Student: 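Quick one: this structure, given as structure tokens, is what I'll be asking you about.
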Amino acid sequence: MSEQPVILPYADPAFVADPFPFYRQLREGGAVRRAVIVGGLEAWLVTRYEDGVAALCDPRLGSDIRDASDRRLLQQLPATERESMLRTMLRADPPDHTRLRRLVSKAFTARRVAELRPRVQAITDALLDAIVRAGHADLVADFALPLPVTVISELLGVPTTDRHDFQRWTDDMIPRGPEPPDPTVVDAAWQQMRAYLTGLLGAKRAHPADDLLSALITARDEEQRLDEDELIAMAFLLLVAGYITTVNLIGGGIAALLAHPDQLQLLRDQPALLPDAIEEFLRHDGPVNPGIARFAREDVEIAGVTIPRGATVLVASAIADRDPARFPDPDRLDITRRDNAHLAFGHGIHYCLGAPLARLEGEVAIGTALRRLPGLALAVPAGELRWRPSGLRGPECLPVTFTPTLVRDVEGPAAPA
């Protein structure tokens, strides 16, 4: 393909705030587009829905970053722990992926997640109690962030008092702008994370509990299915992936409602629409942006374009989920939309294992916030909101005002305090 790659303008504040007009032009320009992404890396963007679904199911497109011809991708991982970080479900292909995923899949069944609902509700109410008492809030820092961090910490058996440490280490590993993080900073953060996880797993091995990390240790020690590096990598993946996208789902979902007052009022009037609303938030402006990386294990043709072996392929879910060939009036936020098989959680064998938990947390968090925070509105002009610039999509902060007159309410309309 002779055309020059498109440069995604991560340094442009207008693009960061609203990338979708730019994405629309990309999609209209072709089903497969060469692009320069974070750090000057080149990728082939799959911009249309049907092609994206097919690509995510194509075994010729793998998840192992070692298949990439651009070695800079590997260099962005911490040098001292590169091999360990590659041994997660996220980076594995069958048969290793099948084995690793099976070890944790029982923790995320629909039944197990449903059992978590009372605890998720209790955490949500406690956070909102503090917000109501304060009379103001940043709904990212005070609500959307601590809720999923607390839930995943309790599920894994991580002391919630340690959450600030692993949040800081995670932030050091995630791109915050058009350039990748400093490799030295990433390496230091991972070494601290590894030391923490090694100590935590040692404590769990000595004193097992009814939590997921103890279960993974048992699987390793008794059934010899996880080696030490795999165990640490799995703990890292579950801890980090278990909260960071859900923060963006909750914060982004509330921001979407505040930007669309008609949809906010409709959801207040018809709370039964909440599950459909969650799916629409995920489709319309999902937490992963622009999409999901794969690596060509051989030459692959997509939509008439031959992608060479070793190329990075980005199934651009943020672009494909607004494909008018799949979603009528795709740029409109419509919480009544029913045929909504978006790609925000991926597709195929790597479909997000934590999707049921993320949906539950999103429903409980957003539904309860709307009940308990009447008069909810942005405390700043919408144009002043800061959004994450790349990789992950969501507001960095969400300052709001509301009428602090509610007592705790779970079942029905709130009563005056």
Side-chain angles (χ1 to χ4, degrees), residues 5-38 41-56 61 174-175 177-178 241 244-253 255-256 259-260 278-294 302-303 312-334 337 340-348 350-352 355 358 362 385-396:
V6 176
I7 299 175
L8 297 190
Y10 291 117
D12 181 355
F15 173 80
V16 173
D18 182 10
F20 297 102
F22 188 90
Y23 287 165
R24 185 187 312 116
Q25 293 178 10
L26 279 182
R27 187 180 57 246
E28 291 171 351
V32 178
R33 305 293 304 274
R34 285 172 63 206
V36 176
I37 56 175
V38 173
L41 299 171
E42 188 171 304
W44 298 72
L45 300 185
V46 180
T47 68
R48 298 179 185 171
Y49 181 87
E50 291 300 334
D51 297 316
V53 169
L56 290 172
L61 298 174
I174 295 174
I244 196 162
T245 52
T246 308
V247 175
N248 293 336
L249 168 59
I250 296 170
H260 297 81
I278 296 297
E279 301 308 311
E280 181 68 346
F281 301 148
L282 290 163
R283 182 203 67 83
H284 185 261
D285 195 354
V288 177
N289 186 298
I292 304 161
R294 295 288 184 265
I302 300 177
T312 299
V313 177
L314 203 57
V315 179
S317 54
I319 307 177
D321 279 343
R322 293 201 183 193
D323 184 350
R326 175 62 182 82
F327 301 101
D329 198 4
D331 292 322
R332 182 169 65 93
L333 183 74
D334 178 8
R337 196 184 299 268
N340 208 353
H342 55 75
L343 300 179
F345 287 131
H347 190 77
H350 282 277
Y351 184 82
C352 178
L385 289 182
R386 300 193 310 273
W387 293 80
R388 294 182 181 276
S390 61
L392 299 169
R393 169 83 177 160
E396 292 189 338

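As the structure is a computational prediction, the values presented were derived from the model and not from experiment. Only this structure's heavy atoms are used, side chains among them; waters, hydrogens and symmetry mates stay out.
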Student: So do Pro287 and Arg393 actually touch side chain to side chain, heavy atoms under 4.5 Å?
Tutor: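 In short, these two side chains do not touch, never coming nearer than 4.5 Å.
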
Student: Describe, in one word, how the ring planes of Phe20 and Tyr23 are oriented to each other, choosing from parallel (under 30°), tilted (30 to 60°) and perpendicular (over 60°).
Tutor: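 Ring orientation of Phe20 relative to Tyr23: perpendicular.
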
Student: So, Arg332 and Asp329, do they make that salt bridge, N to O below 4.0 Å?
Tutor: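 Counted as a salt bridge, because a side-chain N and a carboxylate O are separated by less than 4.0 Å.
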
Student: Tell me whether Arg33 forms a cation-pi arrangement with Trp44, defined as NZ or CZ under 6.0 Å from the six-membered ring centre and within 45 degrees of its axis.
Tutor: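 No; the conditions do not both hold, so Arg33 does not lie above the ring face of Trp44.
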
Student: Give the minimum heavy-atom separation between Asn289 and Pro19, together with the two atoms involved.
Tutor: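 Heavy-atom minimum between the residues: ND2-CG, 4.1 Å.
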
Student: State the CG-CG distance between Leu56 and Leu61, to the nearest 0.5 angstrom.
Tutor: 8.5 Å

Student: Could you grab the distance from atom CG of Leu45 to atom CG of Asp51, nearest 0.5 Å is fine?
Tutor: 12.5 Å

Student: Specify the closest pair of heavy atoms between Ala43 and Leu314, including all atoms of both residues, with the distance to one decimal.
Tutor: CB-CB, 4.4 Å

Student: Taking NZ, NE, NH1 and NH2 as the nitrogens, is one of them in Glu396 or Arg388 under 4.0 Å from a carboxylate oxygen of the other?
Tutor: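 Result for this pair is no, no salt bridge flagged.
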
Student: Do the side chain of Asp323 and the main chain of Arg48 share a donor and acceptor less than 3.5 angstrom apart?
Tutor: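 Flag not set: sc Asp323 to bb Arg48 has no pair under 3.5 Å.
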
Student: So, Thr47 side chain and Glu28 main chain: donor-acceptor pair closer than 3.5 Å or not?
Tutor: no

Student: Applying side-chain contact (heavy atoms from CB on, under 4.5 Å), run through Val36 and Val6 and close with a yes or a no.
Tutor: CA-CA 6 Å; Val36 176; Val6 176; over 6 Å; no

Student: Kindly compute the distance separating OG (Ser317) from CG (Leu282), expressed to the nearest 0.5 Å.
Tutor: 10.0 Å

Student: Which value, rounded to the nearest 0.5 Å, describes the distance between Leu8 atom CG and Phe15 atom CZ?
Tutor: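 Reported value, rounded in 0.5 Å steps: 5.0 Å.
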
Student: Counting only N and O atoms by type, is there a donor-acceptor contact under 3.5 Å from the side chain of Arg337 to the main-chain atoms of Phe327?
Tutor: no

Student: Is there a donor-acceptor pair under 3.5 Å between the side chain of Arg27 and the backbone N or O of Arg322?
Tutor: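 Checking the backbone N and O of Arg322 against the side chain of Arg27, a donor-acceptor pair under 3.5 Å is found.
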
Student: For residues Val288 and Ala318, report the shortest heavy-atom separation together with the two atoms involved.
Tutor: O-CB, 4.2 Å

Student: Between Ala358 and Thr246, what is the shortest heavy-atom contact and its length?
Tutor: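 Heavy atoms of Ala358 and Thr246 come nearest at CB-OG1, 3.8 Å.
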
Student: Locate the shortest heavy-atom distance separating Ala31 from Ala303; write the atom from each residue and the value.
Tutor: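 Looking at all heavy atoms of both residues, the shortest contact is CB-CB, 3.6 Å.
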
Student: Could you grab the distance from atom CG of Asp285 to atom CG of Leu333, nearest 0.5 Å is fine?
Tutor: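 Taking CG in Asp285 and CG in Leu333, the distance rounds to 9.0 Å.
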
Student: Quick one: pull up NE2 in His342 and CG in Asp321 and give me the separation to the nearest 0.5 Å.
Tutor: 7.0 Å

Student: Any salt bridge between Asp331 and Arg24, counting N to O under 4.0 Å?
Tutor: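 A salt bridge links Asp331 with Arg24.
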
Student: Check whether any side-chain N or O of His284 sits under 3.5 Å from a backbone N or O of Glu280 as a donor-acceptor pair, and report yes or no.
Tutor: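 The answer is no, because no donor-acceptor pair under 3.5 Å joins these two groups.
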
Student: side-chain contact (heavy atoms from CB on, under 4.5 Å), that's the test. Do Leu343 and Phe345 meet it? Break it down for me.
Tutor: CA-CA 5 Å; Leu343 300 179; Phe345 287 131; over 6 Å; no

Student: Search all heavy atoms of Tyr351 against all heavy atoms of Gly346 and return the closest pair with its distance.
Tutor: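 Here Tyr351 and Gly346 meet closest at CD1-O, 3.4 Å.
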
